[in-house]
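Read the structure below first, then the notes.
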Amino acid sequence: MPELPEVEVVRRGLAEFTTGRTIDAVEVLHPRPLRRHLLGPDDFSSRLKGQVFATPARRGKYLWLPLASGDAVLTHLGMSGQFRVQPVGAEDEKHLRVRFRFADDRGEVRFVDQRMFGGLSYSEGGAELPAEIAHIARDPFDPLFDDDLFVASIRRRKTGLKRALLDQTLVSGVGNIYADEALWRAKLHYAKATETLKPLQAREILTHAREVMGAALDVGGTSFDALYVNVNGESGYFERGLAVYGQEGSPCPRDGRPIRREPFMNRSSFRCPKCQPVPRHARW
DNA sequence: AAGGCCTCCTGAGAGC
DNA sequence: TGCTCTCAGGAGGCCT
């Protein structure tokens, strides 16, 4: 499940294989991942033919491949999206959706996506920052991320803490896994009412999010199954570093109490019942 | 207007 | 054995 660290690993991998290369042809094998490109797959392919890739960029979980023309290919991995680098002629992956062929003989780049929550689109003038993601907040690793603004914004919200952390217009890059891990490190419950956060608590959440995502980035991202792999097909291996996510019944690393899994927003939240107790003021 | 719920997708695994 | 059900969840869209 790609969140910021996994997407950054993919960005770095793609940088090595796409930067400076000239696109020869783009083959769209399934229309679904092109749904955000309203002019359709054929238009997507024809616009890209002959263009040259610059260095890939990222904001939160969004990734884009700038082109020398000033436009860009905007992508999101969704739940199961992958970029793979393969020799020309290698067998197609079962869920291969888009293939980029190049003018040189250094192999092709493939977008593979089982569940197709992810996708690609052509962003006119999007090399610097695609207009389509102008609403996405900077992520905590962005040098221009404003900690004070985040603290003020989250304390103005009237919602639960984890809902706020997952809101990509407030802070981007955090998903279900790292939200749970950051909350555990901060010893806070996911339903704590955001308006009751002390400024220091809001600031500490940021620190914990940076630390846990930074640790995951150091080891190449988190993965639980074959759905996430970097561009070479290698899985991340941060799962052993997770304190609560997916750890139902296992002892809390701090106090040994069994980790609980609870339904939250049609998915799951994991917490320690002792060090992350239900707060007095909660918003579920 | 902000907050929150629904939907899109496929396949693995559980249960009967 | 084979069917059905549940779960995984990012984020746009839409309703209140």
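Letters go in sequence order (proteins before strands), and every chain restarts at 1.
Whole-Å rounding puts the A:Glu132 CD to C:dG12 P distance at 11 Å. The distance from atom CD of A:Glu3 to atom P of C:dA8 is 14 Å, rounded to the nearest whole Å. The distance from atom CG of A:Asp167 to atom P of C:dG10 is 13 Å, rounded to the nearest whole Å. For A:Glu6 and C:dG10, the CD to C1' distance is 13 Å, given to the nearest whole Å. Following rounding to the nearest Å, A:Arg261 (CZ) and C:dC7 (P) show an atom-to-atom distance of 7 Å. The separation between A:Leu63 atom CG and C:dG10 atom P is 17 Å, rounded to whole Å. A:Glu248 places its CD atom 11 Å from the P atom of C:dC7, with the value rounded to the nearest Å. What separates CE of A:Met265 from P of C:dG12 is a distance of 13 Å, to the nearest Å.
Applying the side-chain hydrogen bond (donor to acceptor under 3.5 Å, both in side chains) definition to pairs two or more places apart or across chains, those involving residues 275-284 of chain A are A:Glu195-A:Arg283.
Looking at A:Glu93 and A:Gln82, their side chains never bring a donor and an acceptor atom within 3.5 Å of each other. A side-chain donor from one of A:Tyr190 and A:Glu262 sits under 3.5 Å from a side-chain acceptor of the other.
Comparing the helix axis at one end of the helix from B:dA2-C:dT16 to B:dC16-C:dG2 with that at the other, each defined from 5 consecutive pairs, gives an inter-axis angle of 50° (nearest 10°).
Nearer to the 5' terminus of DNA chain B, by closest-nucleotide assignment, is the contact made by A:Asn266 (compared with the other of A:Arg32 and A:Asn266).
Under the 4.0 Å criterion applied to side-chain N and carboxylate O atoms, A:Glu132 and A:Arg36 are not assigned as salt-bridge partners. One finds no salt bridge joining A:Asp139 and A:Lys61 here, because no Lys/Arg side-chain nitrogen approaches an Asp/Glu carboxylate oxygen to under 4.0 Å.
OP1 or OP2 of C:dG10 has not a single side-chain nitrogen or oxygen of A:Tyr178 nearer than 4.0 Å.
In this structure, A:Phe264 reaches neither bases nor backbone, as no heavy-atom distance under 4.0 Å exists between it and the strands shown. At the heavy-atom level, A:His135 lies under 4.0 Å from the strands shown only through sugar-phosphate atoms. The residue A:Arg97 sits apart from the nucleic acid: no heavy atom pair falls under 4.0 Å.
Residues A:Phe100 and A:Leu120 have side chains in contact (heavy-atom distance under 4.5 Å, counting atoms from C-beta outward). With a 4.5 Å cut-off on side-chain heavy atoms, A:Leu242 and A:Val212 do not count as touching. Residues A:Cys252 and A:Val244 fail the side-chain proximity criterion, which asks for heavy atoms closer than 4.5 Å.
Interface limits on DNA chain B: the 5'-most and 3'-most nucleotides within less than 4.0 Å of chain A heavy atoms are B:dG3 to B:dG11.
Of the possible polar contacts, one joining the A:Asn176 side chain to the A:Ser268 backbone as a donor-acceptor pair under 3.5 Å is found.
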